[in-house]
Amino acid sequence: MKSYKNKVFKLRQKIFYHNYLYHTLYAPMISDEKYDCLIRELQVLEEKYNLSVNTNSPTQKIGATIQRSCKLFSHLTPMLSLDNTFNINDYLKFEKKIKNILNIKDPIEICCELKIDGLALNLIYKEGKLINAVTRGDGQFGEDVTNNAIRMNTIPLVLKGKNIPYLMEIRGEVFIKNSDFLSFNQEFGVKKEKLFSNPRNVAAGSLRHNRSSTIIKRKLMFYAYGYNVIKGKDEVNNHYGKLQILKKWGLFIDNHTVLCTNVKEVSLFYYKIEKKRSLLDFNIDGIVLKINSVKFQKILGDSNRFPIWAIAVKFKSFEKITKVLHVDFQIGRTGIVTPVARVKPVEISGVIISNVSLHSKNKIDKIGLSVGDDVTVCRSGDVIPKIINVVKLNADTKRNNITFPKNCPICMYKIIQKKKDGHFYCSGGFNCIGQRKKAFYHFFSKKALNVQGLGYKLIDLLVDNDYVKNPVDFFQLKINELIKLDRIGVKSAKNILRSLNKSRSVVLSKVIYAFGIYGIGLTTAMLLSYYFKYLKKLIYVNQSDLLKIKGLGPTVSKNVYDFFHDNKKINFLSALEKELDIYPDGDHKFNIVNNDIFLSNKTIVITGFFNELSREKLIKRIEYLGGRVVNSISKKVNLIIVGKNPGLKLNRAKDMRIEEIYNIDFLLH
Ligand code: IVH
């Protein structure tokens with residue numbers, strides 16, 4: 001009994017986390033396929049055990065919480081998502097279900113469209129004039145991006161033509177063409193600035209941030225895929241007709257859309273588009289099938305998450321063939337040697353792939369790879385490039401030509417193969433500049449000490465100039481030393497020191513995570529932090545204590561023990577303790593899932609009321625999660641949680657740019 005509840009709980013948390021990565025940070029870590037599997041697994045469990053599925057389950061929700069500190073807009077009608085499948089044969093099931101509900105046997109008209117891979121935008125037009133442009137957000141509240149949207153060439157500020165309803169929402173997808181994406185990247189590449197990772201991120205970034213370039217905004221595309229009339233008349237009674245009238249009003253629509261009436265036509269459309277996909281100048285991730293009749297759409301209605309009258313049929317991630325030119329070896333933070341294939345650059349869904357990690361010797365052996373082979377490359381989960389298989393062997397007879405180096409290419413220390421995991425490691429430890437740099441990147445990274453402005457380049461510069469030998473040295477840097485470095489002026493030196501100072505006050509879990517102990521991610525770091533509370537206790541930890549911690553396996557325990565019982569670290573750890581102001585984590589389960597909405601040690605103001613929780617309970621939850629609730633806005637306040645009918649506190653908070661949180665789902669678990 002208990003174990004399935006626990007499983008459901010964990011699954012829900014996991015899905016919320018991935019929602020958050022996808023919808024809020026626009027940085028998914030898993031593929032759509034995997035995400036859908038998680039949702040289905042949860043649905044099955046909820047059904048099987050007849051769990052009361054309240055609105056807190058991700059199976060009942062659309063997105064995640066909204067990016068913070070933005071102007072929020074409450075949608076006039078919810079912005080739903082689409083039900084989806086990866087198999088075109090499921091169309092028959094969809095059609096059967098629809099016909100059952102409608103109680104009809106005749107063929108039914110289906111409007112088939114492309115599913116563009118961008119981000120949804122809601123345009124509100126009053127008397128034909130654009131008054132607001134809002135992102136989807138969590139489906140209820142979106143971000144008001146009107147100021148950016150008005151700079152887009154594809155969004156008309158005033159509609160043209162006839163029969164324009166008094167008040168309506170026009171919905172569609174914002175994206176950037178692959179060719180524009182590539183040329184922006186080329187330009188940025190030449191300027192040696194950070195490259196954009198993919199077209200969707202560029203579109204999301206430039207739509208949502210005021211500071212991004214206007215040139216990019218002009219190039220952003222908006223293709224409309226529907227509208228809702230809020231006030232006024234709508235004389236069009238079918239979806240296809242709605243698209244045509246949108247075009248007349250001056251909006252852009254995709255011109256692949258067709259009407260079909262049977263499974264054969266729908267499948268043909270699917271296969272035709274799948275084939276054409278790589279030739280399009282924008283990314284699509286599937287097709288969308290919509291019941292054409294508006295009357296039927298109304299009868300069918302919506303579920304909590306999506307309309308019953310539409311379904312997306314998604315495509316598998318892209319694959320391309322390219323050649324392995326040579327293999328380099330990179331040294332990781334723990335000294336692990338990772339082979340990286342340098343491949344002939346190839347573009348996959350708008351991203352140029354030239355490096356592909358091969359992970360380990362095992363992986364190389366498994367696919368039987370040699371330099372010079374032609375290989376199939378995909379972006380797993382549409383993000384990380386991966387070699388799937390060898391399609392053509394190189395002409396050389398000499399196979400197995402990928403041999404691991406005997407010495408570290410950076411520090412020349414010996415490379416050894418560890419028995420426990422079969423991986424190769426550089427034995428140089430902190431003597432290896434490669435390992436040291438990587439350890440520093442990790443130590444100051446976002447999830448660890450989160451020192452803004454201390455990126456790869458600066459760390460490289462500091463290490464190469466011998467300014468820093470261990471993390472403590474960073475906190476002892478002086479402004480007059482820093483300005484001696486290339487390209488560091490007084491202003492940036494001050495900023496670096498300011499960020500470093502800011503990071504001194506930090507929760508224990510982040511410090512433990514920052515150490516980069518093998519096998520210790522943020523979750524395990526939190527487990528340790530809850531148990532030991534103070535770094536001192538960890539420094540003197542014994543093995544039996546570690547074994548008492550539930551969820552900590554023997555190997556990880558040993559790694560922790562070894563890390564803290566290394567004599568060479570004693571001085572470093574006590575020096576670090578002096579530099580930092582480390583405080584215990586709150587008793588906060590949810591931190592593990594969503595560490596960005598970290599309540600521990602935050603000062604919080606509440607305004608308005610909440611259907612889900614009484615004020616008293618809300619305060620208790622916040623305190624339980626490590627936060628402190630105060631009554632009035634002051635400089636000390638970190639967050640304001642906003643309910644219905646917020647009071648004047650919200651205005652003050654806005655003036656003081658205090659982070660606003662509107663969605664309290666994460667407090668309800
Ligand atoms: S209809 C209520 N049509 O896909 C139905 N959505 O996974 C709302 N999308 O958030 C969507 N192309 O941003 C629809 N032709 C299309 C689409 C489309 C892309 C996006 C849309 C939605 C997401 C759902």
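Given the structure is predicted, the values throughout are model-derived calculations rather than measurements. Every number for a ligand or one of its atoms is a count from 1 in the order of the listing.
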Tell me if the centroids of the rings in W249 and Y227 come within less than 6.0 Å of each other. yes

Side-chain heavy atoms of L76 within contact of I124, under 4.5 Å: yes

Has Q452 got more than 12 heavy atoms of other residues, nucleotides or ligands less than 6.0 Å from its CD? no

Test item: I284 and K115 side chains (from C-beta on) under 4.5 Å apart, heavy atoms: no

N/O contact list for ligand 1, threshold under 3.5 Å:
unit_1, atom_1, unit_2, atom_2, d
ligand 1, 3 (N), K290, NZ, 2.9
ligand 1, 4 (O), K115, NZ, 3.2
ligand 1, 7 (O), K115, NZ, 3.3
ligand 1, 10 (O), R136, NH1, 3.3
ligand 1, 12 (N), I116, N, 3.2
ligand 1, 13 (O), E173, OE1, 2.4
ligand 1, 13 (O), E173, OE2, 3.4
ligand 1, 13 (O), Y225, OH, 3.2
ligand 1, 15 (N), E113, OE1, 2.7
ligand 1, 15 (N), L114, O, 3.0

Selection residues 266-275 - residue pairs positive for side chain to side chain donor-acceptor pair (under 3.5 Å), sequence neighbours left out: none

Please verify the inter-ring angle class for F175 with Y223; under 30° counts as parallel, over 60° as perpendicular, anything in between as tilted. perpendicular

